[in-house]
Amino acid sequence: MSDDIALQLPSNSSPSHPSLPTKLAKLEARMAGKSTSSLTVQTARPPVPPSPTRFPEQEELLDSSSDDDNGGEFLIRCNNQKRQKLQEDVDDIDFEKSEETTKGRLQTLENFEIKRNLDDPNKKKQGRGRGRPSASRGRGSKAIDQMHSVSTPFKCSSNGQLENPSNKENWSKMPLGNDESVALQEEISVLHVKVAILEEELNKSRKEASDYLCLSQQLEKELKELKEHGQQMERKSTKVLIDLLIAVSKAERQKLRMKIQQEILRLGNIGVIRTGTIISEAWEDGQALNDVNSHLRSLLEKKESIERYRKLFKKLQSDKGDGSGMETSMSEEDFRMQEEICKSRLASIKREEETYLKVKDSYELEKAMLICEMKRIRHEDGSCFNNFPILNKRYAFLNLLGKGGFSEVYKAFDLVEHRYVACKVHSLNNQWRDERKQSYICHVVREYNIHKTLVHPHIVRLWDVFEIDHDSFCTVLEYCSGKDLDAVLKGTPTLPEREARIIIVQIFHGLIYLNKGPLRIIHYDLKPGNVLFDEVGVAKVTDFGLSKIVEDDAGSQGMVLTSQGVGTYWYLPPECFEISKTPLISSKVDVWSIGVIFYQMLYGRRPFGHDQTQEEILREDTIINARKIEFPTKPYVSSEAKELIRRCLTYNQTARPDVLTIAQDPYLSYSKR
Ligand SMILES: Nc1ncnc2c1ncn2[C@@H]1O[C@H](COP(=O)(O)OP(=O)(O)OP(=O)(O)O)[C@@H](O)[C@H]1O
């Protein structure tokens with residue numbers, strides 16, 4: 001800015017104002033001094049080092065620095081040249097850096113200048129030299145303006161604009177030319193308009209800001225209300241959901257009880273028998289079973305009478321032959337005809353009998369299921385959790401699915417994940433000693449720790465565990481809405497080979513996972529009751545209560561069996577019954593169990609000790625002696641299936657394949673060969 005003024009002066013200065021150059025020179029010198037100081041303050045940059053070579057202009061400038069008004073014009077020119085050079089250097093050094101900082105401050109500076117000009121138009125001339133808007137000036141002048149702006153103590157006016165009271169006074173004392181005054185007046189008017197526009201915009205922006213503030217507060221309020229409303233609606237919908245679940249469950253209970261009443265009439269009921277002082281329960285057949293039984297009895301009677309009649313004729317025939325008996329008019333042919341009649345009657349009775357026996361068998365299966373269902377209802381009625389409680393603030397208990405040795409399994413609805421689950425409640429018996437309670441807890445915690453790590457489509461998922469009270473806790477399992485394999489086999493004791501095969505293949509897939517995962521696991525309790533089906537019939541292995549983790553240092557024959565005597569004996573291999581030495585077990589235990597399950601599905605009975613109780617199996621060493629497998633002729637079973645069963649039921653533990661080996665059997669693969 002100062003440079004601009006100085007460079008213009010020689011041509012602009014009029015002879016009618018002889019003292020003006022001198023004054024301006026003084027002013028200029030003063031301003032140059034200010035600029036330098038302001039540069040130092042502004043940029044905090046080291047001052048430009050003095051050049052070792054002195055140019056003539058510099059010499060003159062130095063020499064003339066103490067000159068008075070007379071030498072002014074020359075002084076100004078030299079001074080200008082020198083300062084111009086210096087300024088260019090400074091600009092070159094500073095501009096790149098100062099432009100960044102300047103940009104941000106220019107706006108403030110311009111505001112300041114606008115205000116300053118408004119306050120006193122004459123100051124414009126003092127400050128700028130010419131009436132050009134700052135936007136059209138060179139970049140160097142901007143930088144110097146910036147320096148001034150920083151070295152000047154500004155203060156903020158009430159309307160947010162910057163003022164510089166000290167400069168105001170100094171500049172107002174400076175005289176101005178007419179042209180410049182007019183130019184400044186014009187600029188002032190333009191700036192007035194700009195200020196008005198800016199003020200208007202500022203007011204608008206302020207208004208907008210306050211509107212936005214109001215709006216955001218309003219929105220915040222609405223959001224809060226919506227959240228509250230959402231929570232309220234969620235509570236309501238959860239309540240409705242729970243009510244619906246309870247209503248459906250109650251309806252299911254009622255429907256089932258009505259069906260059971262009808263079934264009781266048809267198939268029978270548990271009656272109370274009093275023998276002296278002893279009261280016991282016994283089954284009393286219902287109408288349908290009574291009818292079938294009476295039909296069978298009458299068929300038996302018919303059969304017996306025909307047999308008697310037949311015997312009689314045979315006697316007559318033989319008496320006639322040897323002439324010892326009474327006389328008869330019957331010819332030999334008559335005897336033969338009578339014999340044929342009897343035979344055909346007996347054959348017909350046999351057919352009828354077979355039909356009734358089939359009906360009776362199906363009634364017996366229905367009766368077995370009815371007894372299960374009646375037991376389940378009895379347990380449900382006696383359970384502490386039958387009144388639809390919500391446990392752990394998320395599991396809505398519905399109907400009892402079944403009762404195990406030490407547990408009750410409830411169908412429940414997870415109100416957080418919105419899915420059905422099976423909640424298995426483990427209750428400690430109050431009469432147990434503390435050690436027994438402790439050992440049971442350890443057992444279940446162990447089961448939980450094994451089960452929770454397992455994630456596979458053919459393994460029932462364990463979702464959660466929580467404490468109910470001091471004496472009971474609950475594990476939350478994936479809900480399998482289909483029956484378990486035990487219930488399936490109670491209803492249909494034999495399955496077609498195709499159906500049995502796919503079930504076995506799925507169980508093997510689960511077992512392969514157990515043997516390939518980070519923990520190698522022996523299930524140890526594979527039996528039809530521990531194979532569940534989901535709603536689409538996918539088979540899943542459950543119940544890891546007796547499972548063993550195979551230690552890394554287990555030998556080739558497996559690990560030591562520490563819990564001998566537990567498990568379901570029909571499904572355990574001979575080595576588990578070894579008493580002469582501590583048995584070693586491996587995944588081959590599970591392979592044997594699968595062989596038994598497969599056999600049972602195909603033939604409707606277990607290969608060893610089918611009709612025996614657990615105690616009888618143990619007493620009679622049934623499994624220890626299970627060396628030979630008998631395959632019934634009916635139903636037809638493929639030789640591949642029989643071969644697989646033979647391999648699974650290999651008596652010698654060493655010769656029996658383990659899970660990963662037998663899983664290679666082509667019969668277990670569905671890929672095209
Ligand atoms: N995840 C599940 N989904 C559906 N039903 C289940 C689930 N788990 C168990 N059940 C059913 O609950 C009933 C009881 O199961 P539980 O495992 O307690 O009995 P168990 O195996 O007979 O007894 P134990 O565990 O003492 O051997 C069974 O009828 C079983 O079918």
Side-chain angles (χ1 to χ4, degrees), residues 249 252 256 368-380 382-383 385-386 395-414 417 419-429 432 436 439-441 443-448 450-452 454-465 468 472-491 503 506-507 510 523-547 563 565-572 593 597 614:
S249 305
E252 276 173 10
L256 220 102
M369 287 196 288
L370 175 65
I371 292 171
C372 272
E373 204 45 44
M374 285 166 76
K375 276 188 186 166
R376 194 196 62 76
I377 286 181
R378 197 189 271 193
H379 288 138
E380 189 174 75
S383 165
F385 304 99
N386 66 7
Y395 301 111
F397 271 42
L398 305 171
N399 293 334
L400 182 77
L401 291 168
K403 190 170 160 60
F406 307 107
S407 59
E408 289 177 343
V409 182
Y410 266 88
K411 179 177 176 178
F413 192 80
D414 182 348
E417 292 289 339
R419 64 183 169 206
Y420 283 107
V421 290
C423 284
K424 190 166 180 171
V425 179
H426 306 258
S427 300
L428 305 179
N429 191 326
W432 286 351
R436 173 120 197 245
S439 119
Y440 180 68
I441 291 171
H443 168 85
V444 180
V445 168
R446 213 182 129 274
E447 173 183 357
Y448 171 73
I450 293 178
H451 198 165
K452 75 174 178 193
L454 307 175
V455 182
H456 188 268
H458 297 297
I459 306 278
V460 171
R461 277 298 296 275
L462 177 64
W463 300 120
D464 194 9
V465 65
I468 297 173
S472 49
F473 58 97
C474 179
T475 44
V476 182
L477 299 153
E478 174 185 359
Y479 173 62
C480 297
S481 62
K483 294 175 184 169
D484 60 58
L485 184 56
D486 189 45
V488 171
L489 294 177
K490 278 200 174 103
I503 292 171
Q506 293 175 81
I507 299 173
H523 186 284
Y524 201 84
D525 197 16
L526 283 177
K527 58 182 181 180
N530 286 336
V531 178
L532 306 180
F533 296 96
D534 69 6
E535 71 279 9
V536 285
V538 173
K540 289 164 188 267
V541 174
T542 190
D543 201 345
F544 288 80
L546 300 180
S547 298
S563 54
V566 298
T568 313
Y569 299 157
W570 292 291
Y571 302 92
L572 287 177
S593 307
I597 296 170
Q614 295 270 291

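Start at 1 and go down the list; that is how both ligands and their atoms are numbered.
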**Prompt:** Looking only at atom types and distance, does a side-chain atom of Ser427 sit under 3.5 Å from a main-chain N or O of Ser472, one as donor and one as acceptor?
**Reply:**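 No, because the side chain of Ser427 does not come within donor-acceptor range (under 3.5 Å) of the backbone of Ser472.
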**Request:** Would you please name every residue forming a side-chain contact (heavy atoms from CB on, under 4.5 Å) with Asp484, sequence neighbours left out?
**Result:**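 Asp484 satisfies side-chain contact (heavy atoms from CB on, under 4.5 Å) with Asp486, Ala487, Leu532 only.
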**Asked** Can you name the residues that form a side-chain contact (heavy atoms from CB on, under 4.5 Å) with Val409, not counting sequence neighbours?
**Response**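 By the side-chain contact (heavy atoms from CB on, under 4.5 Å) rule, Val409 matches Leu401, Ala422, Lys424.
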Give every pair made of an N or O atom of ligand 1 and a protein N or O atom lying under 3.5 Å apart, one pair per line with both atom names and the distance to 0.1 Å, or write 'none'.
residue, atom, partner, partner atom, Å
ligand 1, 1 (N), Glu478, O, 2.8
ligand 1, 3 (N), Cys480, N, 3.0
ligand 1, 17 (O), Lys424, NZ, 3.1
ligand 1, 18 (O), Ser407, OG, 3.0
ligand 1, 25 (O), Asp543, OD2, 3.3
ligand 1, 26 (O), Gly405, N, 2.6
ligand 1, 31 (O), Asp484, OD2, 2.8

Atom pairs and distances, donor-acceptor, side-chain atoms in residues 454-461, under 3.5 Å, two or more places apart:
residue, atom, partner, partner atom, Å
His456, ND1, His458, N, 3.0
His458, ND1, Ala539, O, 2.9

**Item:** Centroid-centroid distance, Trp432 to Phe406, less than 6.0 Å
**Value:**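 When the ring centroids of Trp432 and Phe406 are compared, they turn out to be within the sub-6.0 Å range.
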**Item:** Ring geometry between Phe473 and Tyr440 (parallel below 30°, tilted from 30 to 60°, perpendicular above 60°)
**Value:**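 Correct class here is tilted.
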